Peer 1: 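This is the structure I want to talk about, given as structure tokens.
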Amino acid sequence: MRHEVISSVQNPLVKRLHQLLNRKGREEQNRFLVEGAHLVEEALNSGAQVVTVLYDESRGIDPACLRALDERGTDVQVIAVSSAVLGKLTETKSPQGIVAEVKIDSENWAEWIERASERDYLLLVLDEIQDPGNLGTILRTAEAAGVDGVVLGEGSVDLYNGKVVRATMGALFRLPVFLRCLPEAIQTLQQQGANVLVSSLKENSLAYDEADYRGKAVIVIGNEGRGVSEQVARLADGYVHIPLYGRAESLNAAVAAGILVYEAQRKRIGQAVN
């Protein structure tokens, strides 16, 4: 199979795609880049709106990506490029030889809320998470734990930052993530009867393994440095904490999120069985 070949970094398409390496470019074009064979395959197989796939002509297309492209049919443009072009479109020191341009398809919060009104769910809410690696790891962990969705608050790191996307290991394409104003989102969830539990070291907080995660449950994780904002914390139905037995003052946000969502699911699954 022969594809169009681009060898110059001055090519108009290459220049446009290069802009997707920064937040402003992603917001203006409503698209982002996915780098590496595994993530490109995940994007293709998930049904994400993949527009263009560019691969290193000297290395060829990864077999798994080629199979995924064959299954997608003709809706994806495939272009062979020089190593120099690929280097222009990647952030890692050792590019894996393939990138994809993907349309940002924002989840519809109103539709999700309407569908969820008649069922139980577990949601994870993130209040101003700043570190890309933390956000990506949290999303990967939440998807693995079977969380029903994640609400990402204003002031957080860009969901489509390259480091975030890579750290999710494909979970971004399988997990509903909603970008919302948190006070409004939390109040909407509470109107449905959701129990909002904020991770906090307040004196009246429960140990994480003593909390009730039944029904419609919402867990809130705060900023890496200052925790959950006071505006969000005031809306809590309860507070939970993870005991610290050593000298550390706090846990990494991604670690704390992982402990809480897995404990919540352990209890929810146990209650469903009983």
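Sequential numbering from 1 along the given sequence is applied to the chain's residues. Only a predicted model underlies this, so the values are computations on that prediction, with no experimental measurement involved.
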Peer 1: Rounded to the nearest 0.5 Å, what's the gap from CG on L20 to CG on N30? Could you check?
Peer 2: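 Atom-to-atom, L20:CG and N30:CG are 10.5 Å apart.
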Peer 1: Using side chain to side chain contact (heavy atoms under 4.5 Å, CB included) as the criterion, list what pairs up with D105, not counting sequence neighbours.
Peer 2: Q49
Peer 1: Can you list every pair that meets side-chain hydrogen bond (donor to acceptor under 3.5 Å, both in side chains) and has a residue in residues 228-238, with sequence neighbours left out?
Peer 2: D127-S229, Q190-D237
Peer 1: Between Q265 and G146, is there a donor-acceptor pair closer than 3.5 Å when you use the side chain of the first and the backbone of the second?
Peer 2: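 Judged by distance alone, yes, a pair lies under 3.5 Å.
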Peer 1: Does the side chain of L17 come within less than 4.5 Å of V99's, by heavy atoms?
Peer 2: no
Peer 1: Which residues pass the side chain to side chain donor-acceptor pair (under 3.5 Å) test with K15, sequence neighbours left out?
Peer 2: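 Counting only residues at least two positions away or on another chain, K15 forms a side chain to side chain donor-acceptor pair (under 3.5 Å) with Q10.
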Peer 1: Find out if a path of hydrophobic residues (ILVMFWY) with successive side-chain heavy-atom gaps under 4.5 Å connects L175 to L122.
Peer 2: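 Hydrophobic grouping puts L175 with L122.
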Peer 1: Applying a strict under-4.5 Å side-chain criterion to I, L, V, M, F, W and Y, I'd like to know whether I221 and V157 cluster together.
Peer 2: yes
Peer 1: Measure the CG-CD distance between D62 and Q96 for me, rounded to the nearest 0.5 Å.
Peer 2: 9.0 Å
Peer 1: Could you list the residues that satisfy salt bridge (Lys or Arg N to Asp or Glu O under 4.0 Å) with E35, not counting sequence neighbours?
Peer 2: R166
Peer 1: Measure from the side-chain N and O atoms of Q130 to the backbone N and O of G155, and report whether any donor-acceptor pair falls under 3.5 Å.
Peer 2: yes
Peer 1: Do you know which of V165, V164, L159, D158 makes side-chain contact (heavy atoms from CB on, under 4.5 Å) with F32?
Peer 2: V165
Peer 1: Could you give the side-chain donor-acceptor pairs of residues 180-187 under 3.5 Å, partners two or more places apart or in another chain?
Peer 2:
none

Peer 1: How close do A142 and V150 get, heavy atom to heavy atom, and via which atoms?
Peer 2: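 Shortest heavy-atom contact: CB-CG2, 4.1 Å.
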Peer 1: Would a 4.5 Å heavy-atom cut-off, applied to side chains only, mark L13 and I79 as touching?
Peer 2: yes
Peer 1: Looking only at heavy atoms, what is the nearest atom pair of Y55 and G60, with distance?
Peer 2: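 Shortest heavy-atom separation between Y55 and G60 comes out as CD1-C, 3.7 Å.
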Peer 1: So, do S156 and L135 sit near enough that their side-chain heavy atoms are less than 4.5 Å apart?
Peer 2: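 Of all side-chain heavy-atom pairs linking L135 with S156, none is under 4.5 Å.
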Peer 1: Have Q19 and E28 got a donor and an acceptor in their side chains that come within less than 3.5 Å?
Peer 2: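 No, E28 and Q19 have no side-chain donor paired with an acceptor closer than 3.5 Å.
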Peer 1: Under the criterion side-chain contact (heavy atoms from CB on, under 4.5 Å), I'd like the reasoning laid out for V151 against W109: C-alpha separation, chi angles, the key distance, then a yes or no.
Peer 2: CA-CA 9 Å; V151 182; W109 172 249; 3.8 Å; yes
Peer 1: Would you please test V85 and N11 for side-chain contact (heavy atoms from CB on, under 4.5 Å) and show each step?
Peer 2: CA-CA 9 Å; V85 167; N11 179 279; over 6 Å; no
Peer 1: Of the non-hydrogen atoms in L251 and A256, which two are nearest, and what is the gap between them?
Peer 2: CB-CB, 4.4 Å
Peer 1: Salt bridge or not between E263 and R266? Use side-chain N to carboxylate O under 4.0 Å.
Peer 2: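 Yes, this pair counts.
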Peer 1: So which heavy atom on G133 is nearest to which on A167, and how close?
Peer 2: O-CB, 4.1 Å
Peer 1: Among residues at least two apart in sequence or on other chains, which ones pass salt bridge (Lys or Arg N to Asp or Glu O under 4.0 Å) with E143?
Peer 2: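 Partners of E143 under the salt bridge (Lys or Arg N to Asp or Glu O under 4.0 Å) test: R174.
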Peer 1: Can you name the residues that form a salt bridge (Lys or Arg N to Asp or Glu O under 4.0 Å) with R247, not counting sequence neighbours?
Peer 2: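 Listed in chain order: nothing, the list is empty.
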Peer 1: With sequence neighbours excluded, tell me which residues meet side chain to side chain contact (heavy atoms under 4.5 Å, CB included) with R119.
Peer 2: W112, A116, Y121, D148
Peer 1: With D75, which residues qualify under side chain to side chain donor-acceptor pair (under 3.5 Å), at least two apart?
Peer 2: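 So D75 forms a side chain to side chain donor-acceptor pair (under 3.5 Å) with R72.
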Peer 1: If you measure from CD on E27 to CG on N22, what distance do you get to the nearest 0.5 Å?
Peer 2: 9.0 Å
Peer 1: Roughly how far, to the nearest 0.5 Å, is the CZ atom of R59 from the OG atom of S83?
Peer 2: 7.5 Å
Peer 1: Any side-chain to backbone donor/acceptor pair from R31 onto V102? Under 3.5 Å, distance only.
Peer 2: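 Here the side-chain-to-backbone pair does not exist.
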Peer 1: For S205, check side chain to side chain donor-acceptor pair (under 3.5 Å) against everything at least two apart and list the hits.
Peer 2: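 For S205 the side chain to side chain donor-acceptor pair (under 3.5 Å) partners, ignoring immediate neighbours, are H241.
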Peer 1: Any chain of hydrophobic side-chain contacts (each under 4.5 Å) joining F178 to L152?
Peer 2: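 The answer is no; the residues belong to distinct hydrophobic clusters.
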Peer 1: Grouping I, L, V, M, F, W and Y whenever their side-chain heavy atoms are under 4.5 Å apart, do Y262 and I259 come out in a common cluster?
Peer 2: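 Linked, Y262 and I259 end up in one cluster.
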Peer 1: Would you say R214's side chain and K267's backbone share a donor-acceptor pair under 3.5 angstrom?
Peer 2: no
Peer 1: Okay, side chain of T137, backbone of N134: is any donor-acceptor separation there less than 3.5 Å?
Peer 2: no
Peer 1: If I take atom CG from residue L139 and atom CE from residue M169, how far apart are they, to the nearest 0.5 angstrom?
Peer 2: 13.5 Å
Peer 1: For R16, enumerate each residue passing the salt bridge (Lys or Arg N to Asp or Glu O under 4.0 Å) test, keeping only those at least two apart in sequence or located in another chain.
Peer 2: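 R16 satisfies salt bridge (Lys or Arg N to Asp or Glu O under 4.0 Å) with E101 once adjacent residues are dropped.
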Peer 1: Are the side chains of L89 and H18 in contact, using a 4.5 Å heavy-atom criterion?
Peer 2: yes
Peer 1: As an exercise, state the distance from CD of E107 to CG of L179, rounded to the nearest 0.5 Å.
Peer 2: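 These two atoms lie 9.5 Å from each other.
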Peer 1: Please find the pair of heavy atoms, one from V9 and one from K88, that lie closest to each other, and give the distance.
Peer 2: CG1-CB, 4.3 Å
Peer 1: Would you mind checking if K163 and E91 are paired as a salt bridge, meaning a charged N to carboxylate O distance below 4.0 Å?
Peer 2: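 Not counted as a salt bridge, because no side-chain N and carboxylate O are separated by less than 4.0 Å.
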Peer 1: In the structure I gave you, are the side-chain heavy atoms of Y213 and L260 within less than 4.5 Å of one another anywhere?
Peer 2: yes
Peer 1: Do L189 and K216 have side-chain heavy atoms sitting under 4.5 Å apart?
Peer 2: no
Peer 1: Please determine whether side-chain contact (heavy atoms from CB on, under 4.5 Å) holds for the pair I61 and V78, giving the CA-CA distance in whole Å, both sets of side-chain angles, and the decisive distance to 0.1 Å.
Peer 2: CA-CA 10 Å; I61 303 182; V78 182; 3.9 Å; yes
Peer 1: Linking Ile, Leu, Val, Met, Phe, Trp and Tyr through side-chain heavy atoms less than 4.5 Å apart, which residues share a cluster with L201?
Peer 2: none
Peer 1: Look at the side chain of E71 and the backbone N and O of N45, then say whether any donor-acceptor pair between them is shorter than 3.5 Å.
Peer 2: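 It does not hold such a pair.
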Peer 1: Could you walk me through whether V51 and K103 pass the side-chain contact (heavy atoms from CB on, under 4.5 Å) check?
Peer 2: CA-CA 7 Å; V51 179; K103 286 185 179 180; 3.7 Å; yes
Peer 1: Search all heavy atoms of V53 against all heavy atoms of A100 and return the closest pair with its distance.
Peer 2: CG2-CB, 4.1 Å
Peer 1: Please say whether the positively charged group of K202, taken as NZ for Lys or CZ for Arg, lies over the ring of Y239, i.e. under 6.0 angstrom from the six-membered ring centre and within 45 degrees of the axis.
Peer 2: yes
Peer 1: Are I129 and V261 in one and the same hydrophobic cluster, where Ile, Leu, Val, Met, Phe, Trp and Tyr link if side-chain heavy atoms are under 4.5 Å apart?
Peer 2: yes
